[in-house]
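Down below is the structure, laid out as structure tokens.
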Amino acid sequence: MEFLEIGGSEPFRSYWEMYLSKGLLLVFVVDSADHKRLPEAKKYLHQLIGTNPGLPLVVFANKQDLEAAYHITDIHEALALSEVGNDRKMFLFGTQVTENGSEIPSIIQDARDLIAHLAADMSDQA
């Protein structure tokens with residue numbers, strides 16, 4: 001599998017659609033503790049998936065270890081994930097860095113396995 005990470009800042013947004021049209025799924029990462037940027041994240045997420053209705057979506061609500069982080073259900077609501085469409089495969093994971101940063105949390109291992117499975121399914125359909 002190949003992954004392409006494209007940042008969310010303004011200069012990189014023009015590349016999103018070009019690469020997304022070639023992708024097998026979208027992995028979207030949000031900062032759970034950055035409350036004021038969640039409306040912007042919602043806007044761009046829905047813009048991306050709106051042009052790609054069959055594309056599976058995996059959302060990582062990062063920094064769940066921070067005290068200020070929104071709970072996973074709050075992220076679901078803030079990003080309006082219930083509106084992504086009934087036919088779309090959608091998954092939401094709460095993630096955080098481990099204390100020493102050297103071990104991979106089990107949730108990330110589960111997400112990795114899910115992403116590999118989704119990519120294989122989409123590749124078979126292509």
Side-chain angles (χ1 to χ4, degrees):
M1 263 192 306
E2 291 181 32
F3 287 88
L4 175 64
E5 189 273 330
I6 303 174
S9 59
E10 187 68 39
F12 298 109
R13 292 178 189 157
S14 62
Y15 295 103
W16 288 356
E17 189 56 41
M18 178 178 64
Y19 288 107
L20 191 59
S21 66
K22 299 173 187 174
L24 298 174
L25 63 117
L26 173 62
V27 178
F28 195 83
V29 181
V30 295
D31 182 339
S32 300
D34 192 350
H35 304 180
K36 64 182 180 241
R37 289 192 63 204
L38 285 173
E40 181 181 20
K42 172 188 169 188
K43 172 187 168 186
Y44 288 112
L45 171 62
H46 284 267
Q47 180 182 333
L48 285 168
I49 63 175
T51 58
N52 298 281
L55 196 67
L57 173 64
V58 178
V59 178
F60 288 125
N62 200 18
K63 300 184 183 177
Q64 288 288 300
D65 54 322
L66 299 182
E67 192 171 317
Y70 273 169
H71 189 269
I72 198 87
T73 55
D74 299 321
I75 296 293
H76 189 280
E77 185 176 320
L79 296 178
L81 294 178
S82 59
E83 299 173 14
V84 301
N86 294 333
D87 296 332
R88 182 186 311 277
K89 294 178 182 175
M90 194 278 299
F91 304 89
L92 173 60
F93 291 93
T95 60
Q96 65 190 43
V97 175
T98 58
E99 195 168 299
N100 65 11
S102 64
E103 64 183 63
I104 299 173
S106 62
I107 193 79
I108 296 297
Q109 293 176 18
D110 293 343
R112 179 194 62 201
D113 294 343
L114 173 68
I115 290 167
H117 179 75
L118 289 170
D121 283 354
M122 293 303 288
S123 181
D124 289 343
Q125 293 176 19

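Predicted, not measured: the structure shown is a model, and the values here were computed from it.
Atoms CD and CD1, on Q64 and I107 in that order, are 10.0 Å from each other to the nearest 0.5 Å. Distance OG/S32 to CD1/I72: 6.5 Å, rounded to 0.5 Å. Separation of atoms CD1 (I108) and CD (Q96) is listed at 9.5 Å; rounding is to 0.5 Å. Distance NZ/K43 to CG/L38: 14.5 Å, rounded to 0.5 Å. Distance check, rounded to the nearest 0.5 Å: OG1 of T73 to CG of L92 gives 9.5 Å. One distance of note links CG of D124 with CG of L24; it measures 10.0 Å at 0.5 Å rounding.
Minimum heavy-atom separation, K63 to D31: NZ-OD2, 3.0 Å. The two residues G54 and M122 have their closest heavy-atom pair at O-CE, 3.9 Å.
The backbone N or O of L79 sits less than 3.5 Å from a side-chain atom of H46, completing a donor-acceptor pair. Using modelled atom types, no side-chain atom of R37 and backbone atom of V30 make a donor-acceptor pair closer than 3.5 Å.
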TODO: Show your working on side-chain contact (heavy atoms from CB on, under 4.5 Å) between R88 and L55 and close with a plain yes or no.
DONE: CA-CA 7 Å; R88 182 186 311 277; L55 196 67; 3.9 Å; yes

Open item on the list: Working note: L57 + L45, criterion side-chain contact (heavy atoms from CB on, under 4.5 Å); need CA distance, chi angles, decisive distance, verdict.
Closed with: CA-CA 10 Å; L57 173 64; L45 171 62; 3.8 Å; yes

TODO: Applying side-chain contact (heavy atoms from CB on, under 4.5 Å), run through N62 and T95 and close with a yes or a no.
DONE: CA-CA 5 Å; N62 200 18; T95 60; 3.1 Å; yes

Task: Trace of the side-chain contact (heavy atoms from CB on, under 4.5 Å) decision for F28 with L48 - done: CA-CA 10 Å; F28 195 83; L48 285 168; 4.3 Å; yes

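The environment of CD in E40 is crowded: more than 12 heavy-atom neighbours from other residues, nucleotides or ligands sit within 6.0 Å. Crowding of D113 atom CG: a count of heavy atoms from other residues, nucleotides or ligands under 6.0 Å exceeding 12.
The cluster map of Ile, Leu, Val, Met, Phe, Trp and Tyr, joined by side-chain heavy atoms under 4.5 Å apart, puts F60 and L66 in different clusters. Both M90 and Y44 are members of a single hydrophobic cluster when ILVMFWY side chains are connected at heavy-atom separations under 4.5 Å.
Of the residues V58, L114, N52, D121, the one that meets the side chain to side chain contact (heavy atoms under 4.5 Å, CB included) test with L25 is V58.
Taking the six-membered ring where tryptophan is involved, the planes of H35 and Y70 are essentially parallel, since the angle between them stays under 30° and well short of 60°.
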